[in-house]
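Okay, structure first, notes after.
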There are 2 protein chains.
Amino acid sequence: MIFSRAAEYAIQAMLYLAKWHETHPEERYLQTREIAEAQEIPYYFLAKIVQDLTRFELLTSAKGPQGGIALARSPEEIRILDIIAAVDSTQYLSRCVIGYPECTPETPCPLHYDWQKIKTQIFHIIEHVTLADLIKDAQFQNGRLVAPLTFGVVSVELGESSGKS
Amino acid sequence: MIFSRAAEYAIQAMLYLAKWHETHPEERYLQTREIAEAQEIPYYFLAKIVQDLTRFELLTSAKGPQGGIALARSPEEIRILDIIAAVDSTQYLSRCVIGYPECTPETPCPLHYDWQKIKTQIFHIIEHVTLADLIKDAQFQNGRLVAPLTFGVVSVELGESSGKS
DNA sequence: CAATTTTCGGACAAATTTATCATAAACCGT
DNA sequence: ACGGTTTATGATAAATTTGTCCGAAAATTG
Ligand code: SF4
Ligand code: SF4
């Protein structure tokens, strides 16, 4: 939800890369395949996404042995928004909840006010939060990137639904 | 985003219906086609959605002349959540931003905390806001349902993006 | 230079979502 | 009972997203 699968994978990969950079400052490139396997992302799909990210100059890539991908800038300078913008063509956050077509100030929908607050928050996060912020408390666990927070997850299920015969 | 097209249409239609009920208490049924045309929703698609909504007993329908659809309960008793649950099979709000597979309290992702707050807010809205709340300030304008708020819209565009060659 | 490794790029396949169509079934007034 | 109107339903098509494959290009190593 909110982000496409592609965007999710992109963020995961960038995060993985950022953390790995931090812990292995000596090595330059990490291979796409390694990330895909560690995070259980379909390799070929991730490879495609990586291409987009390099095209947008968020990653640099090198072919051949010892090649791979690396962050093009420091983690402090890469925001979630940058990643989303590179991967997802569709414009998130502009189109809204109930999708009224003409979303001008003259004809806002009844949900407008509440939703605008949420949109603003979401945008605030993706606009300001950088990879550096995110990897701060994160750590590898069995090769997988994970954070040591312990807040408990919402996991709202909406009931069984799916009464599609 | 967040909701599927189908869910958006469902909410729009229910809203339209609720407002219409209010302004035309004498008439029982409104036709699906009329709503589709007023809100510019593909008729056949909306018809499908309406079927789901009646199956979940949010709408009652009547065939034949003077037939159509009507809210099955009063607008106060229909929450956005009910509509979403009827239309969207997938569970929103549980899966999250960057889609880490195992979202347990032991291995939450680095974005967890911020995102949980947002998820909670979204859930709070769809769980508590009813059609009655939404139609309060809404009104028809050229047959179209619209609200008289004037807050200005965020409309975050994320730059051109779409550099998909 | 040849072999190997890795990204790149286009094409393709599967799955899902969105949209359309045709026909059946129900209802109503006459 | 009949004809017209309107929803219900199942089949299908288009579009989008997701996932896969393969050959080419580039770089490294020997
Ligand atoms: S008026 Fe606001 S809440 Fe309504 S559709 Fe537009 S942006 Fe979304
Ligand atoms: S830990 Fe929280 S933010 Fe991260 S994927 Fe899970 S629910 Fe989403």
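Numbered from 1 within each chain, the chains take letters A, B, ... in sequence-line order.
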Whole angstroms only, please: what is the CG-C1' distance between B/Leu30 and D/dT5? 16 Å

Nucleotide of C/dC8, C/dT18, D/dT7 approaching B/Ser61 most closely (side-chain heavy atoms): D/dT7

Residues passing the salt bridge (charged side-chain N to carboxylate O under 4.0 Å, His left out) test with B/Arg28, sequence neighbours excluded, are none

How long is the line joining CD1 of A/Ile35 and C1' of C/dT6, in whole Å? 13 Å

Counterpart residues, side-chain hydrogen bond (donor to acceptor under 3.5 Å, both in side chains), relative to A/Glu27 (two or more places apart): none

Quick one: closest heavy-atom pair of B/Ala10 and B/Ile49, and the distance? CB-CG2, 3.7 Å

Nearest-nucleotide comparison on DNA chain D, the residue closer to the 5′ end among A/Tyr43 and B/Tyr44: B/Tyr44

Relative to the ring of B/His128, is the ring of B/His124 parallel (under 30°), tilted (30 to 60°) or perpendicular (over 60°)? tilted

Rounded to the nearest angstrom, tell me the gap between atom CZ in B/Phe3 and atom C1' in C/dT16. 19 Å

Rest of the hydrophobic cluster containing A/Tyr29 (Ile/Leu/Val/Met/Phe/Trp/Tyr, side-chain heavy atoms under 4.5 Å)? none

Kindly point out which of D/dG19, C/dT7, D/dT18 is positioned nearest to the side chain of A/Thr32? C/dT7

Please output the side-chain donor-acceptor pairs of residues 71-80 of chain B that fall under 3.5 Å, not counting sequence neighbours, one pair per line with the distance.
| from | atom 1 | to | atom 2 | distance (Å) |
| --- | --- | --- | --- | --- |
| B/Arg73 | NH1 | B/Glu77 | O | 2.8 |
| B/Ser74 | OG | B/Glu76 | OE1 | 3.1 |
| B/Ser74 | OG | B/Glu77 | OE1 | 3.1 |
| B/Arg79 | NE | B/Asp82 | OD1 | 3.4 |
| B/Arg79 | NE | B/Asp82 | OD2 | 3.3 |
| B/Arg79 | NH2 | B/Asp82 | OD1 | 2.9 |

With sequence neighbours excluded, tell me which residues meet ring pair (Phe, Tyr, Trp, His ring centres under 6.0 Å) with B/Phe45. B/Tyr9

Selected nucleotide, minimal atom distance to A/Arg5 side chain, candidates C/dT18, D/dG19, D/dT7: D/dG19

note: A/Ile41, atom CD1; D/dT20, atom P; distance rounded to Å ~ 12 Å

Measure across B/Met14 and B/Leu59 and return the closest heavy-atom pair with its distance rounded to 0.1 Å. SD-CD2, 3.5 Å

When the distance from CZ of A/Arg33 to P of C/dT4 is rounded to whole Å, what number comes out? 17 Å

Quickly work out the B/Phe45 CZ to D/dT16 C1' distance and round it to whole Å. 13 Å

Between atom CG in A/Leu46 and atom C1' in C/dT6, what is the gap in whole Å? 14 Å

Can you sort out the partners of B/Ala13 under side-chain contact (heavy atoms from CB on, under 4.5 Å), two or more places apart, ordered by chain and number? B/Ile35, B/Leu46

If each end axis of the helix from C/dC1-D/dG30 to C/dT30-D/dA1 is fitted on five C1' pair positions, the angle between them, to 10 degrees, is 10°

If you restrict it to nitrogen or oxygen atoms, what contacts under 3.5 Å exist between nucleotides 10-12 of chain D and the protein, and what is each distance?
| from | atom 1 | to | atom 2 | distance (Å) |
| --- | --- | --- | --- | --- |
| D/dG10 | N7 | B/Lys48 | NZ | 3.1 |
| D/dG10 | O6 | B/Lys48 | NZ | 2.8 |
| D/dA11 | N6 | B/Lys48 | NZ | 3.2 |

Please list, pair by pair, any protein nitrogen or oxygen found under 3.5 Å from a nitrogen or oxygen in nucleotides 27-29 of chain C.
none

Test of understanding: with side-chain hydrogen bond (donor to acceptor under 3.5 Å, both in side chains), list the residues that count as partners of B/Ser61, not counting sequence neighbours. none

Identify, with sequence neighbours excluded, every residue that meets side-chain contact (heavy atoms from CB on, under 4.5 Å) alongside B/Gln31. none

Distance check needed: C/dT17 P versus B/Ile49 CD1, whole Å only. 13 Å

Can you list everything that forms a side-chain contact (heavy atoms from CB on, under 4.5 Å) with B/Glu34? Sequence neighbours excluded, please. B/Tyr16, B/Leu30

Below the 4.0 Å mark, does C/dG9 have OP1 or OP2 next to a side-chain nitrogen or oxygen of A/Arg55? yes

